[in-house]
Amino acid sequence: MIRLVIVLILLNCYPMIIIAKEIKYNHNSKTISEIQKEVDFTVLTPKRIPDDWTLDTKTAPWIMLHYMDSKDTKLMVAIYLRKGFRLFDDDFPHRQKVDINGNKGYFQEWEESGEVDENGDNITGGLLNWVQDGTSVEMNSSRLSKEQMLEIARSMN
């Protein structure tokens with residue numbers, strides 16, 4: 001019960017995730033449409049992220065989408081994409097199974113979850129893996145809760 005109350009408090013204190021009107025790219029990043037032309041798999045992107053986040057893209061050795069805070073100083077969530085391969089339960093023996101758009105996913109919170117990092121920020125979140133539409137997705141965050149990560153993951157198409 002206490003954990004539920006804490007999660008509700010965090011969700012109320014954290015800026016609500018809203019549908020982004022336009023992606024704000026930073027660091028001369030390639031656009032999603034440019035990247036899609038270069039790869040032979042679907043480049044999935046989240047549709048529900050805060051409006052003030054910026055996106056830094058990298059394309060080697062796999063597609064990396066780094067969503068940064070409005071000041072472009074903190075990595076909020078990192079999403080890694082590559083051509084899909086099947087995931088097996090045996091590959092993730094200590095992870096919690098989750099559903100992401102009808103696909104089996106695996107979530108593991110960080111060992112340091114609940115601790116404070118060198119910048120004084122609480123460590124939360126973890127690592128999330130799944131395959132969707134032929135694309136392998138790995139998402140990680142130490143700033144977002146599991147619930148916030150799942151909301152972003154479920155908005156990806």
Side-chain angles (χ1 to χ4, degrees), residues 1-27 29 32 35 42-58 62-82 84-85 87-133 135-157:
M1 180 65 178
I2 291 177
R3 188 173 227 189
L4 176 62
V5 171
I6 291 171
V7 168
L8 291 174
I9 290 170
L10 288 174
L11 288 175
N12 284 331
C13 294
Y14 193 82
M16 286 279 120
I17 294 177
I18 55 176
I19 296 175
K21 295 177 181 116
E22 180 180 340
I23 297 173
K24 298 173 194 157
Y25 294 93
N26 62 14
H27 306 284
S29 293
I32 298 299
I35 294 169
T42 303
V43 177
L44 300 169
T45 57
K47 303 304 178 232
R48 295 180 58 83
I49 57 168
D51 274 344
D52 61 348
W53 285 4
T54 62
L55 174 59
D56 181 22
T57 62
K58 299 182 184 343
W62 48 76
I63 307 303
M64 295 175 269
L65 308 176
H66 291 170
Y67 288 90
M68 307 295 290
D69 71 344
S70 61
K71 297 176 184 171
D72 195 32
T73 57
K74 295 180 180 180
L75 176 63
M76 301 305 293
V77 66
I79 302 171
Y80 303 100
L81 309 168
R82 60 181 171 247
F85 55 87
L87 301 179
F88 297 96
D89 292 349
D90 292 343
D91 296 331
F92 304 97
H94 304 293
R95 294 199 186 175
Q96 176 188 7
K97 291 179 192 169
V98 294
D99 178 82
I100 302 169
N101 304 326
N103 303 292
K104 189 186 316 182
Y106 302 89
F107 179 80
Q108 173 73 45
E109 75 175 15
W110 301 123
E111 282 187 29
E112 303 86 8
S113 195
E115 295 179 17
V116 177
D117 69 12
E118 65 276 358
N119 298 318
D121 295 321
N122 286 327
I123 297 172
T124 186
L127 184 62
L128 181 61
N129 294 83
W130 77 99
V131 177
Q132 180 177 325
D133 299 331
T135 301
S136 291
V137 184
E138 180 178 296
M139 176 188 294
N140 72 68
S141 178
S142 62
R143 300 185 186 285
L144 303 180
S145 69
K146 171 188 169 188
E147 290 77 17
Q148 291 167 317
M149 290 176 67
L150 286 171
E151 183 175 352
I152 289 172
R154 291 174 178 144
S155 79
M156 292 183 67
N157 61 27

Atom CD1 of Ile63 and atom OG1 of Thr57: how far apart are they, to the nearest 0.5 Å? 8.0 Å
Rounded to the nearest 0.5 Å, what separates atom CG in Leu87 from atom CZ in Arg95? 9.5 Å
Out of curiosity, Glu118 CD to Ile123 CD1, how far, rounded to the nearest 0.5 Å? 7.5 Å
Residues in salt bridge (charged side-chain N to carboxylate O under 4.0 Å, His left out) with Lys97, at least two apart? Asp89
Side-chain ion pair, Asp69 and Arg143, N-O less than 4.0 Å: no
For the atom pair CD1 (Ile49) and CG (Leu55), what is the distance rounded to the nearest 0.5 Å? 7.0 Å
Please examine the side chains of Ile79 and Pro46, heavy atoms only from C-beta on, and report whether any two atoms are closer than 4.5 Å. yes
Over all atoms of both residues, closest heavy-atom pair of Thr45 and Tyr67: CB-OH, 4.5 Å
Holding to ring-ring contact (aromatic ring centres under 6.0 Å, His included), I want the full list of residues that pass it with Tyr106, two or more places apart in sequence or in another chain. Phe92
Going by heavy atoms in the side chains, are Gln148 and Thr124 under 4.5 Å from each other? no
Within the structure provided, determine whether Leu144 and Ile152 are in side-chain contact (heavy-atom separation under 4.5 Å). yes
Can you find a pair of side-chain heavy atoms, one from Leu75 and one from Met68, that are under 4.5 Å apart? yes
Under a 4.5 Å cut-off applied to non-hydrogen side-chain atoms, are Trp62 and Glu138 in contact? no
Under 4.5 Å between any side-chain heavy atoms of Ile100 and Leu128, yes or no? yes
Would Glu109 and Lys146 pass as an ion pair if we require N to O under 4.0 Å? no
